[in-house]
Amino acid sequence: TEFAFKAAQRFAESSDNDMGLLFVHGGFGYGKTHLLNAIAIDASSRSARVLFLRAEDFMRRFLGALRNQETLAFKEELRGADVLLIDDLQHICGRAATVSEFLHTVNAFTDLRRRVVIAADRPPAALEGLSGDVRSRMQGAMVIALQKPDAATRLEILRAKSLEMERKRPRSSLPDNVLAYVATEL
């Protein structure tokens, strides 16, 4: 997890764009979306134009552009960003036209020395429904595996969430023994 944080931080801070493609994977609740959000916030604070899309939104926009014969506008919108973040890539796997356009978008970004961050629940080699060229491109990225946080980290996260909840709704705090149980058992 520390490695993932440092790599994401370096990626967000990179001004020479020597690291153009980052692929983050891990199970549900491992922090992929939080990491992407942190990259987006950091890049935005450095005046980068950031576009953050769930893979389903990428697909919906692409198919809408095809239907309305507006693919050029779709491509210009996407490629106008300095940093593109795509979450939950696994949801478009097997959709050949969408995956093909996704690959063209990734290639266009890296050709322009812009950055792309992709998150999925599995590593590229385990994503079914990707063509060989897409899989190869994803495997050529800096690939980071997020591990499940240990119980102490989960407890600290739950305590922070509990304090946040209590600030919004006084007298809604959860006892520490409940938080400890959730952190160790779930």
Side-chain angles (χ1 to χ4, degrees), residues 1-15 17-46 48 50-59 81-93 102 106 109 115-130 134-135 137-186:
T1 303
E2 182 68 24
F3 174 74
F5 172 75
K6 291 291 185 189
Q9 188 175 41
R10 179 170 176 254
F11 185 88
E13 292 172 350
S14 177
S15 59
N17 296 326
D18 60 344
M19 192 161 81
L21 184 56
L22 178 65
F23 190 100
V24 179
H25 67 90
F28 177 79
Y30 284 21
K32 299 177 300 293
T33 303
H34 290 287
L35 194 59
L36 266 61
N37 276 310
I39 292 169
I41 290 167
D42 190 74
S44 292
S45 75
R46 299 170 192 281
V50 176
L51 182 57
F52 189 143
L53 293 171
R54 293 177 310 143
E56 296 97 331
D57 294 331
F58 178 92
M59 179 177 65
D82 298 311
V83 180
L84 176 65
L85 301 108
I86 302 289
D87 200 7
D88 291 327
L89 181 66
Q90 71 274 4
H91 294 306
I92 64 169
C93 291
F102 171 75
V106 168
F109 264 77
R115 294 169 286 164
V116 180
V117 185
I118 302 159
D121 64 353
R122 293 163 277 213
L127 287 170
E128 296 174 15
L130 289 182
V134 177
R135 185 180 323 282
R137 187 73 171 103
M138 298 302 104
Q139 289 174 317
M142 172 176 254
V143 178
I144 298 173
L146 293 180
Q147 304 300 318
K148 183 176 182 178
D150 61 24
T153 302
R154 291 193 306 270
L155 181 58
E156 287 306 311
I157 292 168
L158 289 171
R159 284 180 176 145
K161 291 290 185 186
S162 180
L163 285 173
E164 181 181 317
M165 183 176 71
E166 189 173 1
R167 277 193 295 276
K168 292 178 182 176
R169 295 179 149 195
R171 296 185 305 260
S172 64
S173 68
L174 295 170
D176 207 52
N177 64 328
V178 171
L179 297 175
Y181 176 79
V182 171
T184 56
E185 299 300 321
L186 299 180

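Only heavy atoms go into these numbers, but all of them, side chains included; no hydrogens, no water, no symmetry mates. Everything numeric here is computed off the predicted structure, so don't read it as measured data.
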Can you measure from [atom1] ([X]) to [atom2] ([Y]) and round to the nearest 0.5 angstrom?
X    : Y    : atom1 : atom2 : value
L89  : H25  : CG    : NE2   : 12.5 Å
F28  : K148 : CZ    : NZ    : 12.0 Å
M59  : L53  : CE    : CG    : 12.0 Å
I92  : D57  : CD1   : CG    : 11.0 Å
I157 : T153 : CD1   : OG1   : 6.5 Å
R54  : L85  : CZ    : CG    : 14.5 Å

For C93 against L130, the heavy-atom pair lying closest together: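 Closest approach of C93 to L130: SG-CD2, 3.7 Å.
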Salt-bridge present (R159, D176; N to O < 4.0 Å):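 Between D176 and R159 there is a salt bridge, with a charged N closer than 4.0 Å to a carboxylate O.
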Under the side chain to side chain contact (heavy atoms under 4.5 Å, CB included) test, residues paired with D42 that sit two or more places apart: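 Side chain to side chain contact (heavy atoms under 4.5 Å, CB included) list for D42, sorted by chain: A12, E13, S45, R46.
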Working for side chain to side chain contact (heavy atoms under 4.5 Å, CB included), residues K161 and L179: CA-CA 10 Å; K161 291 290 185 186; L179 297 175; over 6 Å; no
From CA spacing to verdict: side chain to side chain contact (heavy atoms under 4.5 Å, CB included), K32, L146: CA-CA 7 Å; K32 299 177 300 293; L146 293 180; 3.7 Å; yes
Atom CD of E164: over 12 foreign heavy atoms under 6.0 Å: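 Correct, the count exceeds 12.
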Main-chain N/O of L158 paired with S162 side-chain donor or acceptor, under 3.5 Å: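 No; judged by distance alone, with no hydrogens or angles, the pair does not exist.
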Close side-chain approach of M138 and L127, heavy atoms under 4.5 Å: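 M138 does not reach L127 side chain to side chain.
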Side chains of I118 and L21 in contact at under 4.5 Å (non-hydrogen atoms):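 With C-beta onward as the side chain, the pair touches.
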For F58, ring pair (Phe, Tyr, Trp, His ring centres under 6.0 Å) partners two or more places apart: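 Residues passing ring pair (Phe, Tyr, Trp, His ring centres under 6.0 Å) with F58: F74, F102.
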Trace of the side chain to side chain contact (heavy atoms under 4.5 Å, CB included) decision for L36 with I86: CA-CA 8 Å; L36 266 61; I86 302 289; over 6 Å; no
